[in-house]
J.: 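Right, I'll just put the structure down here and ask away after.
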Amino acid sequence: MLGNDHDRLLGIKPNLQRRALIYHHTRAFFLEQGFLEIETPIRTPAVAPEQHIMPFKSEDWFLSTSPELHMKRLLASGYDRLFQISRCFRKGEHGRQHNPEFTLLEWYRTGADYRHMVYDTEQLVLTVATRLGLGHVIRYKDEGIDLTPPWPRTTVRDAFLRAAGWDPVVEPDPLRFDTDLVTRVIPSFAPGRPTVLLDYPAPMASLARLKPGQPTVAERAEVFIGGIEIANAYSELVNAQEQGMRFRAEVETIEREHGQKMPLPHRFLDALAHLPECGGIALGMDRLVMLFCNADSIDEVVAFTVDTA
């Protein structure tokens, strides 16, 4: 066993070295633009209640599923540009692209919306690729992927109508949505370019605001590269009453379907009344490293997973 672990760790050394460079270039990208790097708690008394995200308990608290709530509390107190690379924890997420403990990069800008956060993502990914010496075109799983901005954009409605033959905006069906997204929609994307999905159905808004003049969709975008979901962007909801209603509905669903009582994040909801208009995004650092290392599995780009810790 020791010999196998020794060989495994030695075998992934080049990927871990590249991972360190990706962190270095990512931090430089944000610091050069005047962002402040912060750290927020790993243990927290409450997380954002979301029925598809199950947190780990830590005594009477939780391990963080995302730094989002604490970062927005800072924004509500007058900070304007923040970024963080943080460890996060979610139950049941284990597979080729998942580990229960993983790393999220999140950043927020006041005065920005979801489209601006996608623009940031284009610039970040291209900058890191260039500084790694990879240029505008990277190789991933025998496919050349051109990272030159702007990346192709399509709405959720148009992508589903083309690839799956139905409109999830007028026929909300979360289970069918998740299945068709993986089996039909993502495989329909051009393999040689990143793809940005825009305007998710309103029931999937989460912490994003609904689109002004088009309240059936939310200002939420997801970025896919090489068939991997890389990032999830919002025009952030700043209405505390509406966010509280969404959270309470999630709490009721979690208790009904999973038998677990979740507390509301009251300090976040109190701060939300002071949150300025802003955009935010979460990017999976492990998945970004997979792309830049041409790795098929998260096991190849982290030193220890749930199976090898």
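In this chain, numbering begins with 1 at the start of the sequence shown. These numbers were taken from a predicted model, which means no experiment stands behind them.
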J.: So, does Arg90 use its side chain to make a donor-acceptor pair with the main chain of Thr65 at under 3.5 Å?
T.: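 Between the backbone of Thr65 and the side chain of Arg90 there is a qualifying donor-acceptor contact (under 3.5 Å).
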J.: When you measure from the side chain of Asp113 to the backbone N and O of Cys278, does any donor-acceptor pair fall under 3.5 Å?
T.: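 Pair absent, no side-chain N/O of Asp113 close to backbone of Cys278.
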J.: Please find the pair of heavy atoms, one from Val185 and one from Ala163, that lie closest to each other, and give the distance.
T.: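 Answer, listing the atom of Val185 first, then Ala163: CA-CB, 3.9 Å.
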J.: Would you confirm whether Asn99, through its side chain, and Val306, through its main-chain N or O, come within 3.5 Å as a donor-acceptor pair?
T.: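 Yes, Asn99 side chain to Val306 backbone: donor-acceptor pair under 3.5 Å.
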J.: Strictly below 4.0 Å, N to O, side chains only: are Arg256 and Glu252 in salt-bridge contact?
T.: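 Answer for the salt bridge query: no.
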J.: Does a salt bridge link Arg267 with Asp270, judged by any charged N lying under 4.0 Å from a carboxylate O?
T.: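 The answer is no: the pair does not qualify as a salt bridge.
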J.: Would you please test Arg153 and Glu122 for salt bridge (charged side-chain N to carboxylate O under 4.0 Å, His left out) and show each step?
T.: CA-CA 12 Å; Arg153 288 148 165 78; Glu122 292 173 325; 2.9 Å; yes
J.: Evaluate the salt bridge (charged side-chain N to carboxylate O under 4.0 Å, His left out) criterion for residues Glu242 and Arg246: first the C-alpha distance (whole Å), next the side-chain angles of each, then the deciding distance (0.1 Å), finally the verdict.
T.: CA-CA 6 Å; Glu242 183 176 347; Arg246 292 186 192 179; 2.7 Å; yes
J.: Using only atom types and a distance under 3.5 Å, with no angle test, would you say the side chain of Arg287 pairs donor to acceptor with the backbone of Ile228?
T.: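 The answer is no, because no donor-acceptor pair under 3.5 Å joins these two groups.
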J.: Less than 4.5 Å apart, side chain to side chain, heavy atoms only: is that true for Phe30 and Glu37?
T.: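 Side-chain contact under 4.5 Å: no.
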J.: Using a distance-only test with no angle check, is there a side-chain donor-acceptor pair under 3.5 angstrom linking Asn239 and Arg209?
T.: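 On atom types as modelled, these side chains do not qualify, holding no pair under 3.5 Å.
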J.: Tell me whether the rings of Phe160 and Phe177 are parallel (<30°), tilted (30 to 60°) or perpendicular (>60°).
T.: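 Parallel: the ring planes of Phe160 and Phe177 meet at under 30°.
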J.: For the side chain of Thr308 and the backbone of Thr305, is there at least one donor-acceptor N/O pair under 3.5 Å apart?
T.: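 A pair under 3.5 Å: yes.
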J.: Are the side chain of Thr44 and the backbone of Phe62 linked by a donor-acceptor contact shorter than 3.5 Å?
T.: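 A pair under 3.5 Å: no.
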